[in-house]
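Residue numbering restarts at 1 for every chain, and letters A, B, ... go by the order of the sequence lines.
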Amino acid sequence: MMRPVSRRRRVARRPPVAACLLAAAAVAFLVLPLIGLAQRAPWSTIWGDLTDSATVDALRLSFECSLGAMALSLVFGVPLAWVLARVDFPGRRLTRALVLVPMVLPPVVGGVALFLAIGPRGLLGQYLHQWFGLTLPFTTLGVIVAETFVAMPFLVITVEGGLRAMDQRYESAATTLGATRWTVFRRVTLPLIAPSLVAGAALSWARALGEFGATITFAGNLAGRTQTMPLAIFLAFENNPETAIALSLVLVVVSVAVLAALRDRWLTV
Amino acid sequence: MGSQRTFRLAVAATVTLAVAAASTLIGLGTAGAARRATPRPTGSITVSAASSLTEVFNRLGKDFERKYRGTSVTFNYGASNVLEPQIEQGAPVDAFAAADTTTADKLVAAGHVVGLPVVFARNRLEIAVAKGNPKKIRTLADTVKPGVQLVLCAAAVPCGKFARQAFAKAGVTLLEVPTGQDVKDTLSKVRLGAADAAVVYVTDVKSARGQAVGVAIPTAQNVIASYPIARVKSASNPNTAQAFISYVTSRPGEATLAAFGFVHP
């Protein structure tokens with residue numbers, strides 16, 4: 001439906017040269033470091049590094065935890081975005097600013113903050129520990145929590161933007177036709193904000209996948225339990241920086257492949 | 001008379017032997033009891049260790065697990081200044097091995113470890129340079145010459161603190177120097193060609209396997225790092241944690257540490 005329109009527009013007007021040049025510079029700026037990495041990668045031994053059981057464990061943990069963090073971000077972040085966009089309550093601006101805190105906080109400090117909040121001696125954590133015997137640090141669940149902490153703001157901001165930009169008259173129309181709030185949200189709001197929902201989910205997933213500081217501080221660096229790819233890469237630097245480069249490239253290739261596939265499927269504009 | 005004397009000597013010898021044998025038996029008995037009092041190490045432990053110990057502790061952990069079947073050691077490697085607050089905040093750690101005494105002393109002062117930490121190894125500082133030493137670096141003073149890119153560990157981690165002390169001892173003024181977040185990160189900048197010189201530990205240069213070579217720093221300017229190990233008070237498996245500490249400080253443990261370039265304390 002959208003395709004022919006955009007194609008016609010492309011034929012009608014040539015893109016401005018200045019914009020293209022700047023865009024090319026931006027792409028080069030983002031891609032050149034990757035080429036640098038690729039050029040340094042130990043291609044002769046890369047297969048051995050990749051099939052190493054520690055690497056396989058780290059890659060598996062990375063995917064499980066980043067998907068878990070994305071799921072948690074969706075479950076809690078979408079309602080938060082909706083409240084921020086639609087409910088006028090005192091302190092809304094402050095709340096919105098607080099949501100951004102994990103984005104500006106150095107991740108290692110974020111990890112310490114998580115300890116102080118939900119660690120076994122933390123404000124809330126001591127009760128989790130006493131009442132439910134739940135200890136989050138140094139567990140896989142702890143990795144998911146740390147990743148959610150840094151990744152959820154990306155989802156909240158993107159989805160809130162989508163909710164504010166959408167035409168609310170569709171919701172009003174559905175309500176006048178007798179739809180319940182939940183039905184309106186499910187059948188009208190969600191489909192309308194689908195692009196920002198998918199973009200927000202992808203952003204939070206990518207942020208969680210690359211997370212290092214909060215994870216190593218809060219969840220530790222335990223092989224097979226909390227050692228995700230970025231942590232394995234950090235440790236690989238101990239023995240062999242080239243292996244670290246190989247592992248980084250794997251992480252980059254896999255995440256670019258996933259994001260590109262998502263873009264083709266969902267984010268065509 | 002002679003035979004009587006011989007007889008007396010024989011009696012004395014027999015009594016002495018009997019007493020000796022009995023005391024040996026009693027001794028063995030108490031030794032056996034002592035062995036029974038400390039049960040055989042079993043189960044899993046988590047050991048937080050400074051990242052400069054990664055290679056040698058991976059080896060020590062495997063050797064320990066082989067010696068005591070049924071144990072498993074999981075390591076949590078990181079910068080000492082990250083590992084320390086983790087323990088303070090109740091992370092499930094059984095033993096802690098730091099790269100300097102101050103982080104361990106902090107935990108002692110706060111009552112988070114049992115007894116006093118044991119220093120199990122020492123490490124000297126060295127100047128790491130690229131293979132062949134293309135910039136002809138011989139002394140600390142050479143590393144701050146124009147055209148030489150020096151990199152140090154961040155001042156917050158032990159290797160950064162010690163390196164700055166070494167420069168002060170050598171009377172060399174440091175200007176703004178780029179830093180790595182820990183010793184391995186700092187050394188990797190020399191290994192990857194991003195810097196010409198780094199001040200790191202002898203063991204790190206050794207682990208670079210020829211990608212970087214060491215230039216010795218004279219003892220008068222050198223700062224010797226001490227590696228203490230201690231049992232964490234809230235350890236869930238104190239017995240195995242203690243056994244691991246004993247193993248690290250044992251003869252075979254020392255030999256492994258020496259093989260990785262650590263100096264015996």
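Heavy-atom distances place no part of A:Leu231 under 4.5 Å from chain B, backbone and side chain included. When heavy atoms are compared at a cutoff of 4.5 Å, B:Tyr77 approaches chain A by way of both its backbone and its side chain. Contacts between B:Glu88 and chain A at a heavy-atom distance below 4.5 Å involve the backbone alone (N, CA, C, O).
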Evaluate A:Gln126 against A:Arg121 for side-chain contact (heavy atoms from CB on, under 4.5 Å), listing each step before the verdict.
CA-CA 5 Å; A:Gln126 53 181 313; A:Arg121 294 185 190 136; 5.7 Å; no
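Here B:Phe96 and B:Phe244 keep their ring centres 6.0 angstrom or further from each other.
With chain A as partner, the option from B:Ser48, B:Pro92, B:Pro85 having the largest number of non-hydrogen pairs under 4.5 angstrom is B:Pro92.
B:Asp196 and B:Gln149 share no side-chain donor-acceptor pair at under 3.5 Å.
Applying the 6.0 Å contact sphere to CZ of A:Phe89 captures more than 12 heavy atoms from other residues, nucleotides or ligands.
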